[in-house]
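These numbers were taken from a predicted model, which means no experiment stands behind them. Values below: all heavy atoms of this structure, side chains included; hydrogens, waters and symmetry mates excluded.
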Amino acid sequence: MKKSTAIIGLVLAIIVVKICSFFPQGVEDYYSNGWYPVLSVSLRFLFGWIPFSIGDVLYTLAGFWMLFELFVFAKSPRVRYKEFLFRIGVFLGLLYVVFYSFWGLNYYRVPIKEKWQLQGEYTFEELVYLTEKLIVESNRMQFQITQDSQVMVVNPYTNRQIFNMAIVGYDSLKTLHPNLAFQQLSSKKSLYSLPLTYMGFGGYLNPFTNEAQVNSLLPLYNFPTTTCHEMAHQLGIAPESEANLIGHLASVHHSDKYFKYSGYTYALRYCLSEIQHVNEKKYQELEQKIHPGILKNFAQTEALWLKYESPIESVSKNIYGNYLEVNQQKGGMKTYHAFVGLMIQYYKIHPIKS
């Protein structure tokens, strides 16, 4: 009875999640703007004050438990295989239910690109125009910080200071977009920063504890916007492209020049990458307009990923890409770059002001 009940419960949970995917407005009204904000703030209040990542600790314990189950199974596989499969299945089923209850249903809400009317194609000329604007702003902030176009920016803040300061950008941004009001910080350095770097990721949201986990090995000039990106996920912004947009906006709306610099250069790198794929000559022409100090910061980032480049990255990104596609993000890993299109549409409505 116990096993059949567990199986029926899991099947029903999968059916409920699938049904929710057909009703984005219902998810938006009753989950993303109803149940989820209360739960997420409660989790951040519960775990945010703890200086280390509770979510990473839970992942570690879960890993040890699965290794223990494998060890017990290996001792007598013929006798224990049914019980082993059942226990693992129940565990994964519980993870599925908790994941979608605690955060995952946000994948099925009304996308920001629809609410903010950021849909539509963009031209190459529009991409170049935005890139030139971002170059101007990035150059301006770089020179304001260093007083020398040749010198790369060195962020003077610690990881913890950046975590504590990040909410200021959201406080400013909410005057334009009240739904982005942020409460109760819970951002932390990931205990798995080294594995994350080998996997090619700057951070992630732990959906079970609502902690924003940031890769502590990232260059500090880039750290503020990555933090703001993960905080966007905490607000229930599920698509990576939209979290990129919100993270960028929270950074450039910040009063601090290092946050602004991080936000503008974060967006600039994405735009340059898109242009390079289409027109190498134009890319080189635009690159000449960028202060050498900024290019040195970009080289910092490239050096980090090259240092830890391994087959693990391609495997992990392929797995995560498939996960994104299952959860309404049809482009997989390419959805990160859809951020460029959202930016172009956004800045048509809200032009960049120096």
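- Proximity of Ser186 to Gln234: side-chain heavy atoms (C-beta onward) are separated by under 4.5 Å at one or more points.
- The line from CD1 of Ile290 to CG of Leu272 is 4.5 Å long, rounded to the nearest 0.5 Å.
- Counting non-hydrogen atoms of neighbouring residues, nucleotides and ligands closer than 6.0 angstrom, the CD atom of Glu285 exceeds 12 such neighbours.
- Relative ring orientation between Trp116 and His177 is described as parallel, the plane-to-plane angle staying below 30° on a 0-90° scale split at 30° and 60°.
- Judged purely by atom type and a 3.5 angstrom limit, His248 uses its side chain to pair as donor or acceptor with the backbone of Gly263.
- In this structure, CG in Asn206 is found 10.5 Å from CZ in Phe99, a value given to the nearest 0.5 Å.
- Smallest separation of non-hydrogen atoms from Ser193 and Ser190: OG-O, 2.8 Å.
- Side-chain contact between Glu240 and His229: present, with at least one pair of heavy atoms (C-beta onward) separated by less than 4.5 Å.
- A donor-acceptor contact shorter than 3.5 Å links the side chain of Lys260 to the backbone of Val252.
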Verdict with reasoning, Leu127 to Cys271, per side chain to side chain contact (heavy atoms under 4.5 Å, CB included) | CA-CA 7 Å; Leu127 171 59; Cys271 288; 4.2 Å; yes

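- For the pair Arg269 and Glu302, the salt-bridge criterion is met [side-chain N within less than 4.0 Å of a carboxylate O].
- Residues Leu304 and Pro219 have side chains in contact (heavy-atom distance under 4.5 Å, counting atoms from C-beta outward).
- Across every non-hydrogen atom of Val97 and Ala13, the tightest pair is CG2-CB, 3.6 Å.
- The 12-atom threshold is not exceeded at NZ of Lys133, counting heavy atoms of other residues, nucleotides or ligands nearer than 6.0 Å.
- A perpendicular orientation is assigned to the rings of Tyr198 and Tyr308, their planes being inclined by more than 60° (bins at 30° and 60°).
- A donor-acceptor contact shorter than 3.5 Å links the side chain of His254 to the backbone of Asp256.
- Taking the six-membered ring where the residue is Trp, Phe298 and Tyr221 present tilted rings, their angle falling between 30° and 60°.
- Donor-acceptor pairing under 3.5 Å is lacking for the side chains of Tyr261 and Asn155.
- Between Tyr270 and Phe339, the ring-plane angle classifies as perpendicular under the 30° and 60° cut-offs.
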Start with the C-alpha distance between Trp49 and Phe45, add both sets of side-chain angles, then the distance that settles ring-ring contact (aromatic ring centres under 6.0 Å, His included), and finish with yes or no.
-> CA-CA 7 Å; Trp49 62 274; Phe45 179 80; 9.3 Å; no

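- Residues Glu230 and Glu211 are not in side-chain contact: their nearest non-hydrogen atoms beyond the backbone lie 4.5 Å or more apart.
- Comment: Glu126 engages Lys348 in a salt bridge, judged by a side-chain N to carboxylate O separation of less than 4.0 angstrom.
- In Phe124, the CZ atom is crowded: over 12 heavy atoms of neighbouring residues, nucleotides or ligands sit closer than 6.0 Å.
- Within a 6.0 Å radius of OH in Tyr129, other residues, nucleotides and ligands contribute 12 heavy atoms or fewer.
- A salt bridge between Lys113 and Glu242 is absent, with no side-chain N of the basic residue lying under 4.0 Å from a carboxylate O of the acidic one.
- Tracing side-chain contacts under 4.5 Å through hydrophobic residues (I, L, V, M, F, W, Y), one reaches Ile50 starting from Leu61; they form part of the same cluster.
- Below 30°, between 30° and 60°, or above 60°: for Tyr59 and Phe208 the angle between ring planes is above 60°, a perpendicular geometry.
- Taking the six-membered ring for Trp and the full ring otherwise, Phe223 and Phe163 have centroids separated by under 6.0 Å.
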Verdict with reasoning, Leu205 to Gln213, per side chain to side chain contact (heavy atoms under 4.5 Å, CB included) | CA-CA 6 Å; Leu205 172 71; Gln213 316 280 356; over 6 Å; no

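- Pro239 and His233 get closest at one heavy-atom pair: O-CE1, 4.3 Å.
- Between Val27 and Tyr107 the shortest side-chain heavy-atom distance does not fall below 4.5 Å.
- With sequence neighbours excluded, the residues that form a side chain to side chain donor-acceptor pair (under 3.5 Å) with Thr225 are Ser251, Ser262.
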Side chain to side chain contact (heavy atoms under 4.5 Å, CB included) between Leu191 and Thr60, worked out | CA-CA 10 Å; Leu191 300 179; Thr60 303; 5.9 Å; no

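- Counting heavy atoms from C-beta on, the side chains of Tyr170 and Leu235 come closer than 4.5 Å.
- With hydrogens and angles disregarded, a donor-acceptor distance shorter than 3.5 Å links the side chain of Gln147 to the backbone of Gln144.
- There is no path of hydrophobic side-chain contacts, each under 4.5 Å, that joins Val110 to Ile19.
- Nearest heavy-atom pair, Ala250 versus Leu173, reported as atom, atom and distance to 0.1 Å: N-CD2, 3.9 Å.
- Residues Met152 and Tyr157 fall into different hydrophobic clusters, defined by Ile, Leu, Val, Met, Phe, Trp and Tyr side chains chained together at heavy-atom separations under 4.5 Å.
- In the displayed structure, Trp35 atom CH2 is contacted under 6.0 Å by at most 12 heavy atoms of other residues, nucleotides or ligands.
- A donor-acceptor pair shorter than 3.5 Å cannot be found between the side chains of Asn222 and Thr301.
- With hydrogens and angles disregarded, a donor-acceptor distance shorter than 3.5 Å links the side chain of Asn106 to the backbone of Trp103.
- For the pair Arg109 and Tyr36, the cation-pi test (distance below 6.0 Å, angle within 45°) is failed.
- Side-chain contact check for Glu280 and Gln284: at least one donor-acceptor pair (N or O, by modelled atom type) lies under 3.5 Å.
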Please assess Asn215 against Tyr192 for the test side chain to side chain contact (heavy atoms under 4.5 Å, CB included), listing each intermediate value before the final yes or no.
-> CA-CA 8 Å; Asn215 185 338; Tyr192 291 114; over 6 Å; no

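- Under 4.0 Å is where a charged nitrogen must lie from a carboxylate oxygen, and between Lys115 and Glu28 at least one such pair does.
- When side chains are defined from C-beta on, Leu342 does not count as touching Gln345, because their heavy atoms never get closer than 4.5 Å.
- One distance of note links CG of Leu130 with CD of Glu274; it measures 11.5 Å at 0.5 Å rounding.
- The two atoms that bring Asn164 and Ile167 nearest to each other are O-CG2, 3.8 Å, heavy atoms only.
- Below 30°, between 30° and 60°, or above 60°: for Tyr100 and Tyr108 the angle between ring planes is below 30°, a parallel geometry.
- Taking the side chain as every heavy atom from C-beta outward, Lys188 and Val214 never approach each other to under 4.5 Å.
- A donor-acceptor pair under 3.5 Å is formed between the side chain of Tyr31 and the backbone N or O of Ser101.
- Taking all atoms of both residues into account, the shortest heavy-atom contact from Thr146 to Val151 is CG2-O, 3.6 Å.
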